[in-house]
Amino acid sequence: DHPPVTALLVWAGERLFGGELGVRFFFTVLQPLYLWILWRLIRPADAGRRDAALFVVVSAATLMLQLYGFIAVPDGPLMFTTALFLLTFKWFSENRRRAWLWMGIAMALMAYSKYHGALVVLFALAANPRQLLRPALYSSGAVALLLLVPHLVWQYEHDWASFAYHLSGRNSVFRPGYVVEFLANVLVVFNPFFVPLYVQAWRKVKPQTPVGRALKLLPVAFIVFFMLSSLRGYVQPQWVIVSCFGLVYVLFAYARRHPRTRRYVMRAGGVTVGLIVLARLVMIFNPLGIRSCYDEGKRCAESLFMSYYREHGIPVKIVRIFNTYGPKMDINDGRVVSNFIVQALRGDNITIYGDGGQSRSFQYIDDLIEGMVRMMDDTPDDFTGPVNIGNPNEFTIAELAREVISLTGSKSKIVHLPLPADDPQQRQPDISLARNMLGGWEPRIQLRDGLLKTIAYFEEVLSRGGIRR
């Protein structure tokens, strides 16, 4: 569902390094580049070392940038090409020679990175409506459109698959939880320590340049746009990542003029960075946790396979399988889907560990098999992965329990037990690499449809006294 830049960067990294380093390399390199461009755009004429340090701390303490600074998803290329667009937009507003040409190229690169780039252009012009009166703007748009012709031809030949997916394929029924979760995620990913300051800075900072006005509008416009989008389906928090540019800009501009705010930002930002480093160390070096045999076992298996690949040239394909369910599951395998269905069919209490607010993404077995076959058959021999194979649509454990009770017509009651140690609060796979490398693979089976098939299977098994065929 994404344009091709992500796949191109993964392909290039694989050719240079192979393995996970190759997958992530260019995405990691892009972040310092786009932050350097942002610094060039907002740097005051009298900026000193203290200002540079303030900019670094504000950027490093923005959790969204930390989370998506090394993951192989389209948001990294989008941020880099957005920075290029803002730079060329600055040149354009200053009437520099051939700025319209470079801005057209930057707009095309944004579109090839992620379709959200269209929103960046729209909001930048909304903040500077006078630019619409300049004929050179339309020449710039013509350049972008010309460069996008190959992609548009591909879309036409494939029935506008990407556009159809984004405009209608993601639609779902309205759930208040989608809106609440989106707003809660926004508060978290932009650093709760800074949220009140963002509001104050946004109110007080009065940009005097076109690019400054564009930067100020981006956070509000993106957050409002995707909050409205959450009325028709689940919205992932990284979709508003471009807002980071505007938030860093207004907080930096405000804090450098207010000593007390500067001191708070430097201290709170330092604490945030320290917590991030600690969290990453715990994630890397936790071999003795309750789940360690599970986590380390999978890492060990991948390491062994890659060693055989490098040493002996044995063909290897690594997929990372996320919560999969469906017919043929063992009645006593202990996984949440089978547990809930069997408990509901027997009329037993359905046991939820914790409050049920932890989320999971459930993938039907047919989607998994299709993804694995495509990984084996449709990828180059030197592409080893790893590739996540899962369904990114999230449901809470409580939602799953209620859905199972509804579909089975059971009278079961939900009971809550203590939450096990190290139980993750969220499991949502990033499948952008699979989408790009596996010929447009996408999970097709919705949770309700998959549950109905699985329930039918377990009804048959229970009718035979729990014996599988």
Side-chain angles (χ1 to χ4, degrees), residues 2-5 30 33-34 36-43 74-75 77-156 160 162-163 166-167 202 205-226 228-229 239-250 253:
H2 291 302
V5 165
L30 287 180
L33 291 177
Y34 65 66
W36 176 76
I37 294 173
L38 178 63
W39 173 242
R40 289 284 305 273
L41 289 170
I42 70 174
R43 178 183 179 181
D75 304 283
L78 174 64
M79 291 291 279
F80 177 68
T81 53
T82 296
L84 291 178
F85 167 74
L86 292 171
L87 179 63
T88 57
F89 184 70
K90 176 178 181 291
W91 296 344
F92 181 79
S93 65
E94 295 170 348
N95 296 313
R96 294 197 188 186
R97 187 180 180 186
R98 294 196 181 94
W100 61 272
L101 175 62
W102 295 115
M103 190 167 74
I105 295 172
M107 286 192 289
L109 288 173
M110 275 199 300
Y112 276 117
S113 298
K114 195 172 185 179
Y115 296 128
H116 294 172
L119 297 177
V120 177
V121 177
L122 176 65
F123 297 147
L125 294 175
N128 299 277
R130 290 185 180 179
Q131 300 296 328
L132 294 169
L133 302 176
R134 297 182 57 187
L137 175 67
Y138 302 96
S139 298
S140 185
V143 169
L145 189 60
L146 181 64
L147 294 174
L148 286 171
V149 165
H151 185 61
L152 295 175
V153 169
W154 184 92
Q155 289 288 347
Y156 173 76
W160 307 98
S162 298
F163 296 144
H166 283 285
L167 294 176
W202 194 89
V205 172
K206 308 295 182 184
Q208 302 300 314
T209 64
V211 74
R213 288 190 288 270
L215 283 167
K216 183 178 179 180
L217 181 62
L218 285 178
V220 173
F222 263 86
I223 291 172
V224 170
F225 179 88
F226 284 109
L228 295 175
S229 298
W239 292 354
V240 298
I241 191 171
V242 173
S243 301
C244 294
F245 283 149
L247 294 176
V248 169
Y249 161 65
V250 294

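Quick caveat, the model's predicted, so the values are computed rather than measured.
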Sub-4.5 Å side-chain heavy-atom contact between Val153 and Pro150: no
Donor-acceptor under 3.5 Å (Tyr34 side chain, Leu84 main chain): no
Arg134 CZ: over 12 foreign heavy atoms closer than 6.0 Å: yes
Val205 backbone acceptor or donor facing Lys216 side chain under 3.5 Å: yes
Contact summary for Tyr249 and Gly212, nearest pair of heavy atoms: CE2-O, 3.7 Å
Ser243 side chain reached by Ile223 side chain, heavy atoms, under 4.5 Å: yes
Exercise: identify the closest heavy-atom pair between Gly117 and Met110: O-CE, 3.7 Å
Considering all heavy atoms, the nearest Leu133-Pro135 contact: O-CD, 3.4 Å
Trp39, CH2: over 12 other non-hydrogen atoms inside 6.0 angstrom: yes
Euclidean distance, Leu86 CG relative to Arg40 CZ, rounded to 0.5 Å: 14.0 Å
Non-hydrogen side-chain atoms of Val143 and Trp100 separated by less than 4.5 Å: yes
Straight-line distance of Arg213 CZ to Gln131 CD, nearest 0.5 Å: 8.0 Å
Verdict with supporting geometry, Ile241 and Met79, side-chain contact (heavy atoms from CB on, under 4.5 Å): CA-CA 8 Å; Ile241 191 171; Met79 291 291 279; 3.9 Å; yes
Chi angles and distances behind the side-chain contact (heavy atoms from CB on, under 4.5 Å) call for Leu148, Tyr112: CA-CA 8 Å; Leu148 286 171; Tyr112 276 117; 3.6 Å; yes
Residue pair Trp91, Arg98: steps toward the side-chain contact (heavy atoms from CB on, under 4.5 Å) verdict: CA-CA 9 Å; Trp91 296 344; Arg98 294 196 181 94; over 6 Å; no
Note, Leu145 side chain near Leu152 side chain (heavy atom, < 4.5 Å): yes
Taking every non-hydrogen atom, the tightest pair across Ala126 and Pro129: O-CD, 3.6 Å
Heavy-atom side-chain contact between Ile37 and Phe80 under 4.5 Å: yes
Shortest non-hydrogen separation from Met107 to Ser140 and the atoms involved: CE-OG, 3.2 Å
Pair Phe89-Asn128, side-chain contact (heavy atoms from CB on, under 4.5 Å): steps then yes or no: CA-CA 11 Å; Phe89 184 70; Asn128 299 277; 3.7 Å; yes
Atom pair CD1 (Ile42) and CZ (Phe245), whose distance is rounded to the nearest 0.5 Å: 10.0 Å
Spacing of Leu218 atom CG and Thr82 atom OG1 [to the nearest 0.5 Å]: 8.0 Å
Phe123 and Val242, any side-chain heavy atoms less than 4.5 Å apart: no
Side-chain heavy atoms of Val120 within contact of Phe222, under 4.5 Å: yes
Close side-chain approach of Val5 to Leu109, heavy-atom, < 4.5 Å: no
Least distance between heavy atoms, Leu41 atom then Val211 atom: CD2-CG2, 4.4 Å
From Leu33 atom CG to Leu38 atom CG, the distance as rounded to the nearest 0.5 Å: 13.0 Å
Approximate separation, where rounding is to 0.5 Å, of Leu78 CG and Leu30 CG: 11.0 Å
Mutual orientation of the aromatic rings belonging to Trp239 and Phe226 [parallel < 30°, tilted 30-60°, perpendicular > 60°]: tilted
